Amino acid sequence: MSEEQNKSLNFVEQEIETDIANDRYPKHIHTRFPPEPNGFLHIGHATAICLNFAIAKKYNGKTNLRFDDTNPTTEKTDYVDAIKRDIAWLGFKWDNELYASDYFDTLYEYAVDLIKKGLAYVDDSTSEEIAEMKGTPTVPGKDSPYRERSIEENLDLFSRMKAGEFPDGSRTLRAKIDMQSDNMLMRDPLIYRIKHEHHHRTGDKWCLYPMYDFAHGQSDSLEKITHSLCSLEFIHHRPVYEWFIEKLEIFPSRQIEFARRNVAYMITSKRKLLKLVEDGVVTGWDDPRMSTISGLRRKGYPPAAIVKFCDSIGVAKRENVVELEMLESFVRAELNKIANRIMIVSDPIKVTITNYPEGESEMLPAINNPEEENSGSHEIPFSKEIFIERSDFMLDPPKKYFRLAPNKTVRLKYAYIIEAESYEQDENGNIIEVKCKYYPSSKSGSDNSGIKVKGVIHWVDAKAGVPVRLNEYDKLFTDPTPTSHEGKDYLEFVNPDSLIINNKALAEPYIKEAKPLDYFQSMRKAYYTVDQESTDDLIILNKTVGLKDSFKKKQQK
RNA sequence: UGACCCAUAGUGUAAUGGUAACACUACGGUUUUUGGUACCGUCAUUCUAGGUUCGAGUCCUAGUGGGUCAACCA
């Protein structure tokens, strides 16, 4: 706790502490996370979720989960369920599960109240006419011809709108604010529109639905939310938010805007993510290449890594693109602590140990995770024929190549030191087998051979090895900000190699104990998690993130 | 011809008028039965110009650059 207190405050916390010091909210601090159930949550939402829950925790407050479901056209219960699952998976417990639609009756009364105060009117203009009268950012708007309707007429028309007497789009209810305002949103914003549409929760009760501006702030107020955190694009809505609170004389929630977090190579537009799903670019919202929470989960990102990442990148008001490497470093750090080590040969070549007795085998102990004392161990079978990684044997190696080569020695992890004596090639010159001798006295744990080797490689026993399918995922886009190029569609930047399926990999038998979402480190290679579509016959592993590879880096230079 | 928001290493954040810090990246090194991990080191005229002040990244003014605003979406 003291560590937390020493940390400097972000600008939102500074505002909150000022409010507390000024006794603005003497009773409590409450936040809320308000998703619209029209898509899956993505990495951008994760930062908002973490922010809202972290602030409530810090100030002993509460956080509501409130679905902003005022537009029945796009919203679905399926999305509600997915959103709840994702937030819970991240490890957060909301205090109340609420819906803007819970407040439809109250909101309607609020609208009637506004009409009675002469602050709202029914407008018969078409959407084109309304847009026309709205003006532009540099040209003031004009008053609607319906703006001065009598309170009685407004009340009558509004109740008939509710009764379903008018078709979609024929009339709207608008707040009477100021058509001359510099702020477009203050130019008599629409607050109710007619939509004869089935709502996922209220069914066919309503044919009249409130707009965002007449639902969000009021919902905040009804829930006694003190600090309503939203992204920068809503900054122009704040005067509207405050106007309604003042005129309705309701609890004064405070809106604070922050810059939403962007991560390189990830997109955070629900509409664009939906298109990837609909066009079949990915297999679904939870495809491991997606920037959705569900996708990241399936890819093997631990929840703690995502939360720590969100906490560490902070919050501010300027445009930002966080490098993917930052997120990945948190994923590696977390996985390093919790992922059991396993040996998987992704591109096998056969190695025959010429002096190892025919028909014999032995079990060698392997530590599950050297970074975690209590992780235990398991055994790995070893015998005369094994497979090693193709890239771990070179005919004509460069100077600082520490692996196997003709007449060179290398250690087999957890096993023996071997020396390459000969090899066989096919007609194309590909290595098909390496013959080695082993040093029986070099056995791991009881090595008295006196041989010093620079390299240690992984391997899998030929007979006991288990075929696995490796889904080698890479970035979905070839550009860090695919949606920011004028005149170019983001789909032009889809990486054709974002998934490479490897069906020739072999894993040690320990993999058979794995369950979906178990994390593994394929030693010297990458982290993987078990895919949900794995069966008893075929284990499918999704690549989470590669291990750092300083050798490869040097070679590339 | 408008209003509003923003500007600190390659990236993201901190410094709350008093020695520009932390993380990631990059580069160099030490350790290592994972070329992983761990550890050490290197990397900034705080957008520009004025002003206030003993002292400015921080306050003021102007400029420059970037972003947002004209859905019966949220």
Side-chain angles (χ1 to χ4, degrees), chain A residues 7-10 14 34-36 38 68-71 73-75 100 123 126-127 130-132 134-141 168-174 181-185 187 190-195 209 211-213 215-216 230-239 257 259 261-264 270-271 309 312-330 332-333 336-337 341 343 370-371 400-403 411-415 417 442 444-445 447 453-458 480 521-526 546-555 557:
Chain A
K7 262 172 70 179
S8 57
L9 303 177
N10 63 47
Q14 287 173 27
E36 184 189 9
N38 66 345
D68 229 333
D69 56 351
T70 57
N71 182 6
T73 312
T74 54
E75 295 155 3
D123 196 329
T126 64
S127 66
I130 288 174
E132 175 65 31
K134 214 153 221 186
T136 72
T138 53
V139 178
D168 289 4
S170 60
R171 284 184 165 85
T172 56
L173 186 70
R174 300 179 70 179
S181 174
D182 284 324
N183 182 344
M184 296 290 295
L185 291 156
R187 321 242 264 229
L190 271 59
I191 59 180
Y192 265 98
R193 79 284 216 188
I194 300 171
K195 266 181 190 263
Y209 293 95
M211 300 288 288
Y212 168 85
D213 281 319
H216 200 101
C230 62
S231 53
L232 239 35
E233 59 199 290
F234 290 97
I235 197 158
H236 303 291
H237 291 254
R238 194 168 70 223
E257 311 84 14
R261 323 305 309 191
N262 300 292
V263 180
K270 278 193 276 189
R271 194 180 57 76
F309 166 76
S312 80
I313 58 177
V315 58
K317 295 181 80 162
R318 57 172 162 166
E319 294 293 311
N320 61 82
V321 182
V322 184
E323 289 171 337
L324 215 212
E325 288 77 6
M326 180 86 171
L327 211 201
E328 289 184 334
S329 79
F330 279 91
R332 288 196 193 94
N336 184 46
K337 290 188 295 185
R341 272 53 171 178
M343 295 202 282
E371 302 294 325
K400 292 200 169 170
Y401 185 81
F402 303 145
R403 312 173 198 175
R411 171 170 293 281
L412 297 172
K413 179 75 181 173
Y414 292 128
I417 292 171
S442 67
S444 281
D447 183 1
V453 291
K454 262 299 219 185
V456 178
I457 63 172
H458 61 282
Q521 184 200 90
S522 168
M523 273 197 289
R524 304 208 300 134
K525 287 291 185 180
L547 256 36
K548 283 194 189 167
D549 191 345
S550 56
F551 176 74
K552 189 176 167 191
K553 239 179 224 171
K554 266 184 199 165
Q555 293 301 297
K557 284 198 304 178

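A note on names: the letters A, B, ... follow the listed sequences, proteins ahead of strands, and every chain is numbered from 1. Treat the numbers as computed from the prediction; the structure is a model and nothing was measured.
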| message | Quiz question: by atom type and distance under 3.5 Å, do the side chains of A:R411 and A:S444 form a donor-acceptor pair? | response | yes
A:F551 CZ to B:G35 C1', in whole Å, measures 8 Å
- Regarding A:R524 and the six-membered ring of A:F551, is the cationic atom NZ or CZ under 6.0 Å from the ring centre and inside 45° of its axis? no
Taking the P atom in each of B:C59 and B:A7, what is the distance between them to the nearest angstrom? 10 Å
Between A:N71 and A:K195 the two heavy atoms that sit nearest each other are OD1-NZ, 3.2 Å
* Asked: Hey, is the side chain of A:R261 poking within less than 4.0 Å of OP1 or OP2 on B:U13, counting only N and O atoms?
  -> yes
Does B:A26 have its OP1 or OP2 closer than 4.0 Å to a side-chain nitrogen or oxygen of A:K553?
yes
Winner on side-chain proximity to A:Q14, out of B:G36, B:U16, B:G35, is B:U16
Here the distance between atom C1' of B:C22 and atom CG of A:N10, to the nearest Å, is 15 Å
Q. Can you find an N or O donor on one side and an acceptor on the other, under 3.5 Å apart, linking the side chain of A:E323 with the base of B:G10?
A. yes
Here the distance between atom P of B:G36 and atom CD of A:Q521, to the nearest Å, is 11 Å
Sorted by chain and residue number, the ring pair (Phe, Tyr, Trp, His ring centres under 6.0 Å) partners of A:H458 (sequence neighbours excluded) come out as none
| Do other residues, nucleotides or ligands put more than 12 heavy atoms under 6.0 Å from the CD atom of A:E132? | no
Annotated structure of RNA chain B as dot-bracket, pair cut-off 3.5 Å, Watson-Crick or G-U only, | for inter-strand, is .((((((..((((....[..)))).(((((.......)))))....(((((..]....))))))))))).....
Rounded to whole Å, the CZ-P distance (A:R332 to B:A23) equals 17 Å
Nearest-angstrom distance, C1' atom, B:U11 to B:C39
24 Å
- Do A:T138 and B:U1 have a side chain to base donor-acceptor pair shorter than 3.5 Å? no
- Ignoring hydrogens and angles, tell me if any N or O in the side chain of A:R187 forms a donor-acceptor pair with the backbone of A:T136 under 3.5 Å. yes
Atom CG of A:N336 and atom C1' of B:C24 are separated, to the nearest Å, by 16 Å
Under 4.5 Å between any side-chain heavy atoms of A:T172 and A:I130, yes or no? yes
Whole-Å distance, A:E328 CD to B:G36 P, equals 16 Å
| query | Does A:K548 have a side-chain nitrogen or oxygen under 4.0 Å from the phosphate oxygens OP1 or OP2 of B:U25? | reply | yes
Practice item. Look at the side chain of A:R411 and the base of B:U33, then say whether one donor and one acceptor between them are separated by less than 3.5 Å. Key: yes
Does A:N262 offer a backbone N or O that forms a donor-acceptor pair with the side chain of A:N320 under 3.5 Å? yes
Say we look at B:A14 and B:G41: how far apart would their C1' atoms be, to the nearest angstrom? 23 Å
Whole-Å distance, A:N320 CG to B:C24 C1', equals 14 Å
In whole Å, measure the gap between the C1' atoms of B:U25 and B:G2 for me.
42 Å
CG of A:L412 to OG of A:S442, rounded to nearest 0.5 Å, is 8.5 Å
One should read off an interatomic distance between A:L185 CG and A:I235 CD1, to the nearest 0.5 angstrom, of 12.0 Å
Separation of B:G12 atom P from A:F330 atom CZ, nearest Å, is 15 Å
Inset, instruction - Go through the N and O atoms of the side chain of A:E325 and the base of B:U11, and report whether any donor-acceptor pair is under 3.5 Å. - result: no
| Hey, is the side chain of A:R524 poking within less than 4.0 Å of OP1 or OP2 on B:G35, counting only N and O atoms? | yes
Protein-proximity profile, nucleotides 68-74 of chain B, B/S/- by nucleotide at the 4.0 Å heavy-atom cutoff, equals BSB-BSB
Result for 5'-nearest mapping on RNA chain B, choosing between A:L327 and A:V322, is A:V322
**OP:** Could you work out the separation of B:U31 and B:A38 based on their C1' atoms and round it to a whole Å?
**Re:** 8 Å
> If we ignore angles and hydrogens, is there a donor and acceptor under 3.5 Å between the side chains of A:S181 and A:N183?
Replying inline: no
